[in-house]
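Values in this document were obtained by computation on a predicted structure and should not be read as measured data.
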Amino acid sequence: MKIDRLLAITMLLLNRKRISAKEISERFEVSLRTVYRDVEAINQAGIPVVSYAGASGGYEIMDQYRLDRQFLSLEELQSIITGLKGIHASVGDQEIGNLLDKVGALVAKSEQHTVANMNNQLIIDMNPWRKGSEDKEKLNQLRTAIRQQQLVSFHYTSSQSELSVRTVEPMGIVVKGYSWYLYGFCLLRQDFRIFRLSRLKELEVLTRTFERKKEEIEPLHFCWGKDDPSSLITLVLHIQPNVRAQVEDYFKPEDIIVQKDGTLLVTARQPDEPWLHGMLLSYGANLRVLEPPHIIEIIKEKAKQIINLYAVEH
């Protein structure tokens with residue numbers, strides 16, 4: 001529609017210093033004559049478009065002009081832009097790209113240099129360390145299924161390496177700790193579950209639809225066992241100072257006591273889950289578990305199993 005094209009051209013002009021009629025023509029797949037008419041219509045609507053001739057000529061909007069951004073300050077607009085860029089880099093969604101153009105159009109041209117400087121002060125990167133087009137494709141498929149309330153099916157590997165086929169009512173997508181998760185109602189378990197996207201294979205969006213349940217996606221802490229004290233144990237660890245950086249990355253400052261010899265005494269509440277054993281073993285000989293007894297026995301047994309893997313057969 002012409003009105004949609006006029007709005008899109010306006011947003012483009014507000015976000016670019018100068019753009020040629022030819023570039024506008026190619027971007028919107030219209031003739032140069034149509035571009036001239038569109039720019040004239042934008043001018044008549046009260047938006048001051050200036051035309052420049054020559055090799056470096058083109059159209060631009062007067063520097064001091066901007067759309068009314070109501071009560072948003074430049075810093076607040078920049079915060080929105082930074083957040084949107086982080087999401088756009090992860091999912092590559094055209095809708096978010098268009099939204100970035102619209103939000104960017106609220107910044108006056110005379111302020112764009114300031115915004116460019118702000119862009120270098122804070123960057124949000126929600127891409128996982130394990131990058132790949134497969135993850136983006138999963139995200140886009142799941143977002144479509146969530147919007148259209150369609151069931152999804154996939155093969156899933158649990159944290160205990162158990163394989164299963166799940167059919168889920170997708171509720172939302174969560175990014176937590178550099179990883180993406182699907183939150184939804186699992187028909188197999190008849191309960192809400194969190195699924196890590198990296199463990200999710202052969203994803204298929206089904207034609208079957210579902211009625212979205214009333215539960216909100218915001219209060220998700222219980223899904224990681226945070227609100228269930230019975231699932232937590234008190235760990236007491238003695239750790240060597242050469243891994244202090246890793247310890248401070250993971251544990252809260254109030255959990256760590258630096259002793260006179262430089263070693264660390266860590267007392268922390270943690271979920272009693274299999275992944276915890278792997279995390280403790282990752283410190284190697286730099287960590288000794290002092291409490292609780294059953295974790296000490298588990299770590300000792302796993303250490304023996306590792307030794308046995310490398311034992312020389314006679």
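- Residues Gln148 and Thr209 share a closest heavy-atom pair of O-CG2, 4.2 Å.
- Looking at every heavy atom in both residues, Val205 comes nearest to Ala145 through CG1-CB, 4.0 Å.
- Using the six-membered ring where Trp is involved, Phe185 and Phe192 have ring planes that are perpendicular, over 60° apart on the 30 and 60° scheme.
- Partners of Glu23 according to the salt bridge (charged side-chain N to carboxylate O under 4.0 Å, His left out) rule, which considers only residues two or more places apart in sequence or in another chain, are Arg16.
- Here the OG atom belonging to Ser153 is positioned 10.0 Å from the CZ atom belonging to Arg208, to the nearest 0.5 angstrom.
- Residues that satisfy the side-chain contact (heavy atoms from CB on, under 4.5 Å) test with Glu301, not counting sequence neighbours, are Lys304, Gln305.
- With rounding to the nearest 0.5 Å, the separation of CD in Glu137 from CG in Leu203 is 8.5 Å.
- Under the side-chain contact (heavy atoms from CB on, under 4.5 Å) criterion, Pro292 pairs with Ile233, Leu235, His294, Ile295, sequence neighbours left out.
- Among residue pairs with one or both ends in residues 20-52, none qualify as ring pair (Phe, Tyr, Trp, His ring centres under 6.0 Å); sequence neighbours excluded.
- Between atom CG of residue Leu187 and atom OG1 of residue Thr167 there is a gap of 6.0 Å, rounded to the nearest 0.5 Å.
- Looking only at distances, no side-chain donor or acceptor of Thr263 sits under 3.5 Å from a matching main-chain atom of Pro241.
- The closest donor-acceptor contact from the side chain of Gln149 to the backbone of Glu211 lies at 3.5 Å or more, if one exists at all.
- A single hydrophobic cluster is not seen to contain both Leu265 and Leu280; linkage of ILVMFWY side chains at heavy-atom distances under 4.5 Å, directly or through other members, places them apart.
- For the atom pair CG of Leu142 and OH of Tyr181, the computed distance is 14.5 Å after rounding to the nearest 0.5 Å.
- Within the structure, side-chain hydrogen bond (donor to acceptor under 3.5 Å, both in side chains) contacts touching residues 273-287 (residues at least two apart or in different chains) are Asn242-Asn286.
- Atoms CD and CG, on Glu26 and Leu32 in that order, are 8.5 Å from each other to the nearest 0.5 Å.
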Validation: residues 248-255 side-chain donor-acceptor distances under 3.5 Å, sequence neighbours left out:
from	atom 1	to	atom 2	distance (Å)
Glu248	OE2	Arg244	NE	2.8
Glu248	OE2	Arg244	NH2	3.4
Tyr250	OH	Gln270	OE1	2.6

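- Counting only heavy atoms from C-beta outward, the side chains of Val152 and Glu204 never approach each other to under 4.5 Å.
- Ile146 meets the side-chain contact (heavy atoms from CB on, under 4.5 Å) test with Pro170, Ile173, Arg212; sequence neighbours excluded.
- With sequence neighbours excluded, the residues satisfying salt bridge (charged side-chain N to carboxylate O under 4.0 Å, His left out) with Glu297 are Lys300.
- Pairing each heavy atom of Arg199 with each of Thr157, the nearest pair is CD-O, 3.0 Å.
- One finds the CD atom of Gln150 at 11.0 Å from the CD atom of Gln141 (value rounded to the nearest 0.5 Å).
- Applying the side-chain contact (heavy atoms from CB on, under 4.5 Å) test to Leu188 and every residue at least two apart in sequence or in another chain returns Arg166, Cys186.
- No continuous path of ILVMFWY side-chain contacts below 4.5 Å connects Val243 to Leu290, so the two sit in separate hydrophobic clusters.
- Among residues at least two apart or in separate chains, ring pair (Phe, Tyr, Trp, His ring centres under 6.0 Å) pairs with a member in residues 144-174 are Phe154-Phe195, Tyr156-Phe195.
- Here the side chain of Lys138 pairs a donor or acceptor atom with the backbone of Leu197 at under 3.5 angstrom.
- Contacts of Glu40 classified as side chain to side chain donor-acceptor pair (under 3.5 Å), with partners at least two apart in sequence or in another chain: Gln44.
- Residues satisfying the salt bridge (charged side-chain N to carboxylate O under 4.0 Å, His left out) test with Lys302, not counting sequence neighbours, are none.
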